[in-house]
There are 2 protein chains.
Amino acid sequence: MENSAENVRSQMRKGVLEYCILSILDKKEAYASSILEELKAANMIVVEGTLYPLLIRQKNQGLLSYRWEESTQGPPRKYYCITEKGRQQLGEMDVAWQEIVDTIRTIKEQQI
Amino acid sequence: MENSAENVRSQMRKGVLEYCILSILDKKEAYASSILEELKAANMIVVEGTLYPLLIRQKNQGLLSYRWEESTQGPPRKYYCITEKGRQQLGEMDVAWQEIVDTIRTIKEQQI
DNA sequence: ATTAGTACTTTGCGTTGCAAGGTATTTGAA
DNA sequence: TTCAAATACCTTGCAACGCAAAGTACTAAT
């Protein structure tokens, strides 16, 4: 129930994940498995059961769109790409993220 | 259902709040209302219904302890203070937070 | 035909933040 | 004395989110 170290990381990931997805798709379109790899490379471990529903949510909110593309090795892939509305939201998230970073710094800096 | 800007901030707060509380109490003991004020001053808006259960959770996990103290103006206050276990957890959170900040930077930096 | 690999999806659970409403104590004015 | 305002703590019900686990489907190679 209490894995401490890993649980701490898991909790902090909440809310930042959506921001990561939009940031990744802002660079270039990608399908779920490739997004998973990029997150893993950036040290942000996420599992399928987390990512897929998130992509669907963001699509339903109009932040993403997708198209199917055949693959030479396996089933077709669902390539997601960010929409105009998604870019707008990403802009808000950039601001929100900077605010949170500043907030933590403020709280920490008052230490003597 | 979708307040965008405010909702974005609310989501990002998740998981970081516990970190903020421990950081604040690592400096000096405090009671709920004063913690609320410090969070507000640091631009991290939180409401009572969020903070009280959180303090109780952290106390039940052994991260915090408390003592009652009379007030000259109003009902007695519950002063919380961080425990040794709480300091340990705070150390882990410091690491986890730095990792997340680095992760976001990594993802963002690859942009051209 | 069967297995392995890749990719997408769903279900059920526990945790968390929040809105809203509630309880209790003290002080000061009517 | 009584009532309102201020301060402080607590609880309930809801919705959102991450995750473990299990499921579906397509392709290629054995």
Side-chain angles (χ1 to χ4, degrees), chain A residues 1-4 6-21 29-40 44-61 63-64 66-80 93 96 100, chain B residues 1-4 6-21 29-40 44-61 63-64 66-80 93 96 100:
Chain A
M1 179 184 285
E2 221 184 307
N3 192 341
S4 209
E6 191 41 47
N7 194 39
V8 161
R9 280 164 182 73
S10 168
Q11 285 309 313
M12 281 193 179
R13 278 196 283 271
K14 288 190 186 182
V16 182
L17 246 181
E18 287 198 32
Y19 181 42
C20 290
I21 307 305
E29 62 177 9
Y31 64 103
S33 299
S34 67
I35 294 175
L36 278 176
E37 276 173 34
E38 176 153 356
L39 287 173
K40 196 175 166 188
M44 170 85 80
I45 309 301
V46 178
V47 295
E48 287 186 324
T50 297
L51 182 61
Y52 282 97
L54 197 159
L55 288 171
I56 292 169
R57 278 202 306 274
Q58 292 189 322
K59 195 223 78 190
N60 289 339
Q61 287 171 20
L63 308 178
L64 305 178
Y66 69 82
R67 62 181 176 76
W68 286 99
E69 184 170 312
E70 295 298 324
S71 164
T72 55
Q73 32 184 327
R77 296 167 175 173
K78 210 170 177 177
Y79 276 85
Y80 283 93
M93 284 180 160
I100 297 231
Chain B
M1 179 184 281
E2 221 182 306
N3 190 341
S4 211
E6 192 40 47
N7 196 37
V8 160
R9 281 165 181 73
S10 168
Q11 286 309 313
M12 283 193 178
R13 278 198 282 272
K14 288 191 185 182
V16 182
L17 244 182
E18 287 200 32
Y19 181 41
C20 290
I21 306 305
E29 61 176 6
Y31 63 104
S33 300
S34 67
I35 294 174
L36 278 176
E37 276 174 33
E38 176 153 357
L39 288 172
K40 197 176 168 189
M44 170 83 82
I45 307 302
V46 178
V47 295
E48 287 187 323
T50 297
L51 182 61
Y52 282 97
L54 198 161
L55 288 171
I56 291 169
R57 279 201 305 274
Q58 292 190 322
K59 195 222 78 187
N60 289 339
Q61 287 170 21
L63 308 178
L64 304 179
Y66 69 82
R67 63 179 174 78
W68 286 100
E69 185 172 310
E70 296 297 322
S71 165
T72 54
Q73 32 184 325
R77 298 166 174 172
K78 209 171 177 176
Y79 276 85
Y80 283 93
M93 284 180 161
I100 297 231

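In what follows, chains are A, B, ... by sequence order, proteins preceding strands, each numbered from 1. This is a predicted model, so every value here is computed, not measured.
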Colleague: Go through the structure and list residues passing salt bridge (charged side-chain N to carboxylate O under 4.0 Å, His left out) with E69(A), not counting sequence neighbours.
Modeller: R67(A)
Colleague: Between dT15(C) atom P and Q58(B) atom CD, what is the distance in whole Å?
Modeller: 15 Å
Colleague: Specify the closest pair of heavy atoms between K59(B) and L64(B), including all atoms of both residues, with the distance to one decimal.
Modeller: CG-O, 3.5 Å
Colleague: Can you tell me how far P of dT16(C) sits from CD1 of I56(B), to the nearest Å?
Modeller: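 Between P of dT16(C) and CD1 of I56(B): 13 Å.
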Colleague: Nearest heavy-atom pair of M44(A) and C20(A): which atoms, and what distance?
Modeller: CE-SG, 3.5 Å
Colleague: Assign a letter to each nucleotide of nucleotides 17-30 of chain D from its 5' end: B, base within under 4.0 Å of a protein heavy atom; S, sugar-phosphate only; -, no contact.
Modeller: SSBBB----BSS--
Colleague: In whole Å, I'd like the distance from the CH2 atom of W68(B) to the C1' atom of dC9(D).
Modeller: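 Distance, rounded to whole Å: 6 Å.
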Colleague: Measure NZ/K78(B) against C1'/dT11(D) and give the value in whole Å, please.
Modeller: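 Atom NZ in K78(B) sits about 13 Å away from atom C1' in dT11(D).
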Colleague: Grab the OH-C1' distance between Y52(B) and dT11(D) for me, whole Å please.
Modeller: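 It works out to 13 Å between those atoms.
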Colleague: Would you say that L39(A) contacts I21(A) through its side chain, given a criterion of any heavy-atom pair below 4.5 Å between the two side chains?
Modeller: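 They are in side-chain contact.
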Colleague: Nearest heavy-atom pair of P76(A) and W68(A): which atoms, and what distance?
Modeller: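 Reported closest heavy-atom pair: O-CZ3, 3.8 Å.
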Colleague: What is the distance from OH of Y79(B) to C1' of dA8(D), rounded to the nearest Å?
Modeller: 11 Å
Colleague: Within this structure, what is the OH-to-P distance between Y66(A) and dA7(C), rounded to whole angstrom?
Modeller: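 Rounded to the whole Å, the gap is 17 Å.
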Colleague: So which heavy atom on V46(A) is nearest to which on L36(A), and how close?
Modeller: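 The pair with the smallest heavy-atom distance is O-CD2, 3.4 Å.
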Colleague: Within the pair Y31(B) and dA8(D), is there a side-chain N or O less than 4.0 Å away from OP1 or OP2?
Modeller: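 For dA8(D), OP1 or OP2 has a side-chain N or O of Y31(B) closer than 4.0 Å.
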Colleague: Could you tell me the separation between the CG atom of L55(A) and the P atom of dA7(C), rounded to a whole number of Å?
Modeller: 14 Å
